[in-house]
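Worksheet for the structure shown next.
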Amino acid sequence: MAQDNELFKKLVSHCKEYGFIFPSSEIYDGLSAVYDYGQYGVELKNNIKQYWWRSMVQYHENIVGIDAAILMHPKVWKASGHVDAFNDPLIDNKDSKIRYKADQLVEDYIDKLYEKAEKEVEKAKKRFGDNFDEKLFRDTNEKVKKYIDEAKIITDKLVKLLEENNLAGLKKLIEELKIVCPVSGTSNWTDVRQFNLMFSTQLGSTAEDTMTIYLRPETAQGIYVNYLNILKTSRQKLPFGIAQIGKAFRNEIVARQFIFRMREFEQMEMQYFVKPGTEKEWFEYWKEQRMQWHLSLGIPKEKYRWHEHEKLAHYANAAVDIEYDFPFGFKELEGIHSRTDYDLKRHQEFSGKKMLYFDPDIQDSYIPYVVETSIGLDRTILSVLSNGYTEETLSDGSTRVVLKIPDFLAPIKVAILPLVKKDGMNDYALNIFNDLKKYYLCQYDEKDSIGRRYRRQDAIGTPYCVTVDGQTLEDNTVTIRERDSMLQDRIPVDNIRKYLHDKLNVI
RNA sequence: GCGGUAGUAGCUCAGGUGGUAGAGCAUCAGCUUCCCAAGCUGAGGGUCGCGGGUUCGAAUCCCGUUUACCGCUCCA
């Protein structure tokens, strides 16, 4: 693990040094947990996006793509539950340094009161035996009544405070009840603070005419709100899917670990609409499909594992994550969730628009169930980079850093290098370059020794290097060096394109 | 968000006790070089995260702030 940590630091440095990923606004000290993709990072990112898009939209005739706006009507987030779920009043205990949801602390206190009341009932039950009239006891026993009444009063207070968003009042309540931290046992609390996980902004330019809107915290809702549009215009029948790649924003309290948890990040997700009752089999189907996709990135199986959700979210009836063995441990990479009809139902309720699908097979209408696959694009990039980053010691004792990533993801596909820049080798190589650049993203490099140029390409993951040498000028053959094996083939210049076409799994 | 540690050239780092910064690699130009970070010559690049304070004088002391890392917490 300590070694992995070192490796992770090296990877972060490598990403910056070679133009993959930079901290955002770095000349101003950066912005916490926001990163920019550089000249090679953006190529890698685009290649992964394209690969995902093809595997979803192109290979599945019943999946179509969309690109929904980041800004959406505020009611969307009411319907989705984000406005409630993403607004937590939090409080810290200064002694134990532990943070709690303030309302949760009060609710725990209320639960304890009910427990005390139940204990009284239990005690009485034992005392009176078979003749015990539980209802009568509950209605008349002073102690039980006191506990229950107090619980009800506090509950009412809490609800009122939450409705008013009265944070100071919430703290006062916690102090009045003498609630202590379960760990430190003290009541040394900070003020209650509101943490809103959604970024908000204003729509409308005049002060009296503005409306608070949110940057989307997930892309899925953009699909749900377009479900009817797609249904009406795409001629799709159930089951069908809608795919989308796009940015989402979360104002995380703690965002760390490089591009693993960013405030602005990109998701690739697909919502699959199915007939209710068939969701379990589609859930299994997509589990299998998605794992196959990850394995096709050339990453070994043991780097992945399943994580079954034990506690399901309110909207799901099955949920599983694909976790990847990052340098800092196994962490979520993709989620496959069976979300039932929760989201469409909620939007039907909030918008008043019927979300029904008419099923010609049974001549009846229903709201489809949804199975979603949602993958973090930035996390996928991190998985590809951390798996590919390799430090090698060669037989002569020298070392090299190689980015062993699949050909189809490599930012630069081929570098064209004159062995030395004289005798016309450079002109010859430039001609090859000018031809190849029409087909692949290429680089031409004549600076420094050939060995150093190979290492440069290794460091950014370029799978092939075409080298023009003295023999080229005599018989029009070049050598092609393969990145991982460092082995070379000598082929006629005219065959370069065919050679690359056969070797490169370019999508 | 709390606590701890740190922030010096693109990267890795050196700069007891305060006197305005160095190395290796990298980058650029030229020479040399016919296959895996070679050699030679030369050049550019930092005011020491940022702001303020103490001082005749601060990278070096103090305060604030920001960023990263570690721990705690959170992750619908």
Side-chain angles (χ1 to χ4, degrees), chain A residues 2 5 8-10 12-19 22-35 38 77 80-88 90-101 104 183-184 190-191 193-195 197-198 217-218 220 250-258 260-261 309 311-316 319 321 328 331-332 335 337 342 392 394-402 417-423 425 446-459 465 467-474 478-481 483 485-488 490:
Chain A
N5 224 329
F8 186 49
K9 279 182 187 164
K10 283 184 185 170
V12 175
S13 297
H14 189 86
C15 283
K16 189 184 169 200
E17 189 170 0
Y18 286 93
F22 307 117
S24 160
S25 333
E26 204 187 357
I27 61 169
Y28 294 105
D29 282 337
L31 188 62
S32 183
V34 185
Y35 290 89
W77 307 112
S80 70
H82 285 85
V83 171
D84 294 329
F86 267 20
N87 279 287
D88 291 330
L90 299 177
I91 189 166
D92 294 330
N93 183 273
K94 289 180 187 167
D95 298 312
S96 64
K97 316 286 183 204
I98 293 175
R99 165 166 302 159
Y100 300 92
K101 289 182 180 172
Q104 192 63 49
V183 176
S184 68
T190 63
D191 286 340
R193 284 161 297 188
Q194 189 83 42
F195 288 86
L197 274 289
M198 284 195 289
E218 66 169 29
R250 291 184 198 181
N251 203 353
E252 300 279 359
I253 299 169
V254 174
R256 245 180 242 172
Q257 275 146 346
F258 198 38
F260 181 79
R261 179 166 290 131
H309 289 215
K311 230 176 71 186
L312 292 172
H314 53 279
Y315 53 72
D321 292 338
F328 39 85
K331 299 274 181 177
E332 179 183 352
H337 300 154
Y342 177 83
E392 278 184 356
L394 305 178
S395 51
D396 65 356
S398 64
T399 59
R400 68 166 184 160
V401 174
V402 202
L417 318 166
L419 191 58
V420 291
K421 54 175 172 189
K422 61 176 189 184
D423 304 334
M425 285 183 211
E446 58 176 29
K447 173 75 184 158
D448 297 313
S449 75
I450 189 69
R452 183 176 297 182
R453 281 176 278 161
Y454 286 149
R455 302 290 166 97
R456 257 186 221 135
Q457 296 301 328
D458 290 342
C465 291
T467 306
V468 171
D469 56 17
Q471 194 179 330
T472 308
L473 305 176
E474 289 164 19
V478 295
T479 62
I480 295 196
R481 168 195 185 264
R483 178 192 66 206
S485 65
M486 298 169 66
L487 296 175
Q488 291 176 302
R490 181 168 284 279

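Every chain is numbered from 1, with letters handed out A, B, ... down the list of sequences.
- Where A:Gln471 and A:Gly30 meet RNA chain B, the nucleotide closest to each residue was compared, and A:Gln471 sits on the side nearer the 5' end.
- For a distance-only test at 3.5 Å, the side chain of A:Arg400 fails to qualify as a donor-acceptor partner of the base of B:C36.
- For the pair A:Thr479 and B:C35, the criterion of a side-chain N or O lying under 4.0 Å from OP1 or OP2 is not met.
- No N or O donor and acceptor, one from the side chain of A:Ser449 and one from the base of B:C35, sit under 3.5 Å apart.
- For A:Arg452 and B:C35, the shortest distance from a side-chain N or O to OP1 or OP2 is not below 4.0 Å.
- A:Glu332 contributes no side-chain N or O that forms a donor-acceptor pair with the base of B:C75 under 3.5 Å.
- Between the base of B:C35 and the side chain of A:Asp469 there is a donor-acceptor pair shorter than 3.5 Å.
- Checking the phosphate oxygens (OP1, OP2) of B:C28, no side-chain nitrogen or oxygen of A:Lys447 falls inside 4.0 Å.
- Using a 4.0 Å heavy-atom distance criterion, A:Glu392 is classed as making no nucleic acid contact.
- Side-chain atoms of A:Tyr454 come within donor-acceptor range of the base of B:C35, with a qualifying N/O pair under 3.5 Å.
- At B:C74, none of the side-chain N or O atoms of A:Arg250 fall inside 4.0 Å of OP1 or OP2 (strictly under the cut-off).
- You'll find the side chain of A:Arg481 reaches within 4.5 Å of the side chain of A:Met486, heavy atoms only.
- Using a 4.0 Å heavy-atom criterion, one finds that A:Lys421 contacts the bases of the nucleic acid, with or without backbone contacts as well.
- Nucleotide B:A14 forms no Watson-Crick or G-U wobble pair with any nucleotide shown, as no partner meets the under 3.5 Å limit on both distances.
- Close to B:C11, at under 4.0 Å from its OP1 or OP2, lies a side-chain N or O of A:Lys16.
- Note that OG1 of A:Thr472 is 9.0 Å distant from CD of A:Glu474, once rounded to the nearest 0.5 Å.
- An OP1 or OP2 oxygen of B:A76 is reached within less than 4.0 angstrom by no side-chain nitrogen or oxygen of A:Ser80.
- A heavy-atom distance below 4.5 Å is found between the side chains of A:Trp77 and A:Glu218.
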